[in-house]
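These notes concern the structure reproduced below.
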Amino acid sequence: MRDVTYLRPKDLQDAVQLSRTTPGCRPLAGGTDLMVMLHARTLRPAPRAILDVWSLSELKGVRRVDGMLEIGAAESYTGIIRSAEAQQHLPALVAAARTIGAAQIQNRGTLGGNLANASPAGDTLPVLLAYDAVVVTDRRSIAIDRFFTGYRHTALQSDELITAVRFPLDRQVVFRKVGTRAAQAISKVVIAVCRQPARVAIGSVAEVPLRASGAEAALASGDVAGAIAAVTADIRPIDDVRSTATYRQAVTQNVLRELLRQ
Ligand SMILES: Cc1cc2nc3c(=O)[nH]c(=O)nc-3n(C[C@H](O)[C@H](O)[C@H](O)COP(=O)(O)OP(=O)(O)OC[C@H]3O[C@@H](n4cnc5c(N)ncnc54)[C@H](O)[C@@H]3O)c2cc1C
């Protein structure tokens, strides 16, 4: 970490300028993923500069924009949990935020960080897929179903900053995370479901958070049993330190059945 320059932009415009002109620059929001990777020296390529976007007021808050609910990229999970607008319109996102780490992580962790980190186990990511969220950056809008391009890879350019995430106001989405404990647990399986339009989004079962296309097609035609049967072919779980592929297949079907009953 000795050779890393720390940059603190005064506003978003300054941040965008620094990000575009500083070679090897990496954004820092809450630091709950980035600092761990910096200390472990697992970031490739190793960053030469850290751009601290945590305090930028333009990246905070929950507000209405163009008939959608917009959450700033650097808004914390605690901010989302406490937002009356998020509670009213995005209860599944609030439910997901409550499962992330514990209070300390919820106070620092952000939606933008969860997105850019792009872990297949990121708990908000299936929720964003089920809501058809839109990722807003300093230069464009990206539909969430085009955002994850491979294992921990995203559609973002290396100097691109996420500024916000936008959600439609009229979706009924339900969420469930299966982990070892109620807190401080990385997901074995995480699912978000919407009935209308049909969305079945799942994390920790493939190299990216995915939409289960077979299950969605069955659900769209009103075939709930077909959706539950089809979902096992949509996912590609593996055995790892947290679970087994066999368990993930079974629990995905069981949780989907429960969520569709809701
Ligand atoms: C103890 C512990 C428990 C955890 N539990 C969970 C959990 O239960 N569920 C879960 O999903 N995650 C969990 N995490 C992971 C982490 O807290 C989340 O992924 C969090 O949302 C990351 O947000 P952050 O603001 O801290 O990101 P940071 O660490 O600041 O950044 C993460 C990545 O995003 C990039 N980035 C950040 N902001 C932007 C931006 N605006 N534009 C572009 N790129 C950006 C950074 O460069 C970096 O690559 C846990 C982490 C810890 C340490």
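One-based numbering, in listed order, for ligands and for the atoms of each. Reckoned from all heavy atoms, side chains included, excluding hydrogens, waters and symmetry mates. Along the sequence shown, residues carry numbers from 1.
Counting only heavy atoms from C-beta outward, the side chains of Leu18 and Asp14 approach each other to under 4.5 Å. Side chains of Gln13 and Asp138 form no contact here, defined as non-hydrogen atoms less than 4.5 Å apart. A 4.5 Å side-chain heavy-atom check between Phe148 and Leu115 finds at least one atom pair inside the cut-off. When side chains are defined from C-beta on, Arg166 counts as touching Val65, because their heavy atoms get closer than 4.5 Å. Annotation: side chain of Arg139 is in contact with side chain of Gln157 (closest heavy-atom distance under 4.5 Å).
For the pair Met35 and ligand 1, no heavy-atom separation below 4.0 Å is found. Using a 4.0 Å cutoff on heavy atoms, Ile186 does not count as a contact of ligand 1.
Atoms of ligand 1 lying under 4.0 Å from at least one heavy atom of Ala29, given by number and element, are 25 (O), 30 (O), 37 (C), 38 (N). Using a 4.0 Å cut-off to heavy atoms of Thr99, the atoms of ligand 1 that qualify are 8 (O). The atoms of ligand 1 that sit less than 4.0 Å from any heavy atom of Leu161 are 42 (N). Remark: ligand 1 atoms within the under-4.0 Å shell around heavy atoms of Glu160 are 43 (C). Annotation for ligand 1: atoms under 4.0 Å from non-hydrogen atoms of Tyr77 are 20 (C), 21 (O). Residue contact check: Gly122 has heavy atoms under 4.0 Å from atoms 11 (O) of ligand 1. Near Arg26, meaning under 4.0 Å from any of its heavy atoms, are these atoms of ligand 1: 47 (O), 49 (O).
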Report, one line per pair, each donor and acceptor closer than 3.5 Å where one atom sits in a side chain of residues 255-262; sequence neighbours left out.
from	atom 1	to	atom 2	distance (Å)
Arg257	NH1	Asn254	OD1	3.1
Glu258	OE1	Arg176	NH1	2.9
Glu258	OE1	Arg176	NH2	2.8

Full working for side-chain contact (heavy atoms from CB on, under 4.5 Å) between Arg199 and Val193: CA-CA 5 Å; Arg199 297 284 180 268; Val193 173; over 6 Å; no
Check against side-chain contact (heavy atoms from CB on, under 4.5 Å), Ile202 and Arg211: CA-CA 6 Å; Ile202 316 178; Arg211 291 224 343 241; over 6 Å; no
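Inspection of the Glu160 and Thr137 side chains reveals an N or O donor paired with an N or O acceptor under 3.5 Å. Side-chain N/O atoms of Thr124 and Asn114 include a donor and acceptor closer than 3.5 Å.
Compare Ala116, Ser119, Gly109 by their heavy atoms: the one nearest to atom 45 (C) of ligand 1 is in Ala116. For atom 42 (N) of ligand 1, the nearest non-hydrogen atom from the set Ile162, Ile100, Thr154, Leu12 comes from Ile162. Across the listed options Gly72, Gly101, Ala97, Gly101 owns the non-hydrogen atom lying nearest to atom 6 (C) of ligand 1.
Counting only heavy atoms of the protein, atom 18 (C) of ligand 1 lies nearest to Asp33 OD2, 3.3 Å. Counting only heavy atoms of the protein, atom 20 (C) of ligand 1 lies nearest to Thr32 OG1, 3.5 Å. In terms of protein heavy-atom proximity, atom 48 (C) of ligand 1 is closest to Leu34 CD1, 3.8 Å. Among all protein heavy atoms, the one lying closest to atom 27 (O) of ligand 1 is Gly113 CA, 3.4 Å. Of all protein heavy atoms, the one lying nearest to atom 10 (C) of ligand 1 is Asp123 OD2, 3.7 Å. Looking only at heavy atoms of the protein, atom 1 (C) of ligand 1 is closest to Gln184 OE1, 3.5 Å. What sits closest to atom 12 (N) of ligand 1 on the protein, heavy atoms only, is Asn114 ND2, 3.9 Å. Protein heavy atom closest to atom 50 (C) of ligand 1, with residue, atom name and distance, is Ile105 CG2, 4.2 Å.
Not one N or O of Met37 is nearer than 3.5 Å to an N or O of ligand 1, by distance alone. Between Val53 and ligand 1, no N or O atom pair is found at a separation short of 3.5 Å. Between Gly30 and ligand 1, an N or O atom pair is found at a separation short of 3.5 Å. Checking only distances, Thr110 does come within under 3.5 Å of ligand 1, N or O to N or O. At a 3.5 angstrom cut-off on N or O pairs, Gly31 counts as close to ligand 1.
Ile80 and Leu169 end up in the same hydrophobic cluster when Ile, Leu, Val, Met, Phe, Trp and Tyr side chains are linked at under 4.5 Å. Cluster annotation: Val135 and Val53 are assigned to distinct hydrophobic clusters (Ile/Leu/Val/Met/Phe/Trp/Tyr, side-chain heavy-atom contacts under 4.5 Å, transitive).
Thr78 meets the side-chain hydrogen bond (donor to acceptor under 3.5 Å, both in side chains) test with Asn107; sequence neighbours excluded.
Cation-pi geometry between Arg8 and Trp54 is not met: the NZ or CZ atom fails to fall both under 6.0 Å from the ring centre and inside 45° of the normal.
Distance alone, capped at 3.5 Å, places no donor-acceptor pair between the Thr22 side chain and the Ser19 backbone.
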